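So the structure is just underneath, and the comments pick up after that.
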Amino acid sequence: MRKIVIALSVLALLTSCVSKKKYTDLEARNKETQDLLNSATVKLNSCLEEKAGLSATVAGLKEHNQTLINTSKDMTVLTTKGAENIEKALESIKEKDLKISRMQDALTKKDSVTLAVVTSLKSAVGISDPDIEINVEKGVVFISIADKLLFKTGSYDVTDKAKAVLAKVAKVVNDKPDFECMVEGHTDSVPYLGNGVLLDNWDLSVKRSTSIIRVLTNQLGVKPEQLIAAGRSSYVPLVANDSAENRARNRRTRIVVLPKIDQFYEMIEKEMKKQKQ
């Protein structure tokens, strides 16, 4: 009996030792498995976070890409419109350049005619007389004739000597039917003391102009429609009226020879129409 009890005790002891070892092993393996699970969970969460970040990045890239596509379309439209505007601007510049060129041609022709008139006048009238000046001023031809060649002091009656000079001027004017002549009377600053018909230097300057025009039309065959009467009194002097010599220079008649303005513009308009053909 005692042997049986001892045997059972030994057996129980052996059985108890084996179960504890297995438990320990299982516990160790469970801990290892738990550690692996925790590690996997951490990695999974990390991957999920990374995925979320990448998804957001992809979404942002898609949005940016769409924006670039839209911008590219807008730029294409703008570029097309810009090209059209540039082309229109170039056409406008080309048209303006052509207009300028045409106008320059017209002005050149006018200048050529002006030069021809100057040459004709200098040839007909002569340039040796210091009391007769032929020149170009602001694009027009003018003939300035000293008062002593045309009138007596304080008078508006044209002298015979003046008629000889005016005959040469009339010849040139008659050769240019498309031109007009403005006859300007100029006086010095000494107040005019006349017979009551003329009140002052204004009247005297205009009356001298009309007297010369009557000679040109009635005696020298110039067409009246080519002539313009004008008086400037003493208000456009060549020099100061401070000496007898200077006052003599300021007493003069100026004949301005110029193309008819309407015909000049017609000439330019004609040049403008050529560019449209």
Side-chain angles (χ1 to χ4, degrees), residues 117-138 140-177 179-258:
V117 172
V118 172
T119 303
S120 298
L121 284 169
K122 287 186 176 181
S123 175
V125 178
I127 58 175
S128 59
D129 195 330
D131 295 320
I132 301 175
E133 181 183 5
I134 301 172
N135 214 329
V136 177
E137 183 178 288
K138 296 181 182 179
V140 297
V141 181
F142 73 87
I143 310 164
S144 184
I145 305 174
D147 179 74
K148 64 182 181 181
L149 293 181
L150 301 175
F151 308 101
K152 294 180 181 179
T153 302
S155 172
Y156 52 83
D157 293 327
V158 180
T159 65
D160 292 335
K161 185 177 181 181
K163 293 176 183 178
V165 175
L166 293 176
K168 296 177 181 179
V169 175
K171 182 178 183 306
V172 176
V173 174
N174 288 333
D175 289 340
K176 301 292 181 183
F179 279 65
E180 293 179 333
C181 291
M182 182 166 61
V183 181
E184 292 181 349
H186 295 260
T187 69
D188 57 28
S189 60
V190 177
Y192 175 73
L193 300 175
N195 54 14
V197 176
L198 304 181
L199 300 180
D200 50 24
N201 283 335
W202 277 113
D203 283 351
L204 179 60
S205 64
V206 175
K207 188 61 178 176
R208 285 180 170 179
S209 172
T210 55
S211 295
I212 290 175
I213 284 178
R214 287 190 179 91
V215 172
L216 291 173
T217 56
N218 297 338
Q219 302 180 29
L220 301 174
V222 177
K223 296 178 181 179
E225 57 267 27
Q226 286 184 259
L227 301 175
I228 303 169
R232 306 301 299 270
S233 185
S234 61
Y235 297 105
V236 191
L238 294 175
V239 292
N241 285 286
D242 54 4
S243 67
E245 182 180 356
N246 284 351
R247 286 191 292 272
R249 287 191 61 191
N250 289 330
R251 293 191 302 271
R252 68 200 187 280
T253 296
R254 191 171 78 159
I255 302 175
V256 183
V257 184
L258 66 162

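Every value quoted in this text rests on a predicted model; they were computed, and no experiment measured them. Position 1 is the first residue of the sequence, and the numbers go up from there.
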**Study point:** Sequence neighbours excluded - salt bridge (Lys or Arg N to Asp or Glu O under 4.0 Å) pairs with any residue from residues 229-240
**Key:**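 Qualifying pairs: Glu184-Arg232.
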
Practice item. Quick one: which residue pairs count as a salt bridge (Lys or Arg N to Asp or Glu O under 4.0 Å) with a foot in residues 185-210, not counting sequence neighbours? Key: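 The answer is Asp147-Arg208, Asp188-Arg251.
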
About how many Å separate [atom2] of [Y] and [atom1] of [X], when rounded to the nearest 0.5 Å?
| X | Y | atom1 | atom2 | result |
| --- | --- | --- | --- | --- |
| Ile255 | Ile145 | CD1 | CD1 | 4.5 Å |
| Ile143 | Cys181 | CD1 | SG | 7.0 Å |
| Arg247 | Arg249 | CZ | CZ | 14.0 Å |
| Gln226 | Leu216 | CD | CG | 10.5 Å |
| Asn241 | Asn250 | CG | CG | 4.5 Å |
| Asn174 | Phe179 | CG | CZ | 13.5 Å |

Exercise for review: Would you indicate whether Lys163, at its atom NZ, is surrounded by more than 12 heavy atoms from other residues, nucleotides or ligands within a distance under 6.0 Å?
Suggested key: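 More than 12 heavy atoms, drawn from other residues, nucleotides or ligands, come within 6.0 Å of this atom.
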
Review point. Donor-acceptor pair, Thr217 side chain versus Ile213 backbone, under 3.5 Å?
Key: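 Looks like yes, one N/O pair under 3.5 Å.
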
Review point. Is there a donor-acceptor pair closer than 3.5 Å between any side-chain N or O of Asn201 and the backbone N or O of Ser233?
Key: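 No, Asn201 side chain to Ser233 backbone: no donor-acceptor pair under 3.5 Å.
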
Can you name the closest pair of heavy atoms from [X] and [Y] and give their distance?
| X | Y | result |
| --- | --- | --- |
| Ala230 | Ser209 | N-OG, 3.2 Å |
| Ala229 | Thr210 | CB-CG2, 3.9 Å |
| Ala170 | Val222 | CB-CG2, 3.7 Å |
| Gly185 | Ser205 | O-CB, 3.3 Å |
| Gly231 | Trp202 | O-CZ3, 3.1 Å |

Contact check, side chains of [X] and [Y], non-hydrogen atoms, under 4.5 Å:
| X | Y | value |
| --- | --- | --- |
| Lys152 | Asp157 | no |
| Tyr192 | Thr187 | no |
| Ile212 | Phe151 | yes |
| Arg252 | Leu238 | yes |

**Study point:** Contacts of type side-chain contact (heavy atoms from CB on, under 4.5 Å), residue Asp175, not counting sequence neighbours
**Key:**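 Counting only residues at least two positions away or on another chain, Asp175 forms a side-chain contact (heavy atoms from CB on, under 4.5 Å) with Lys171.
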
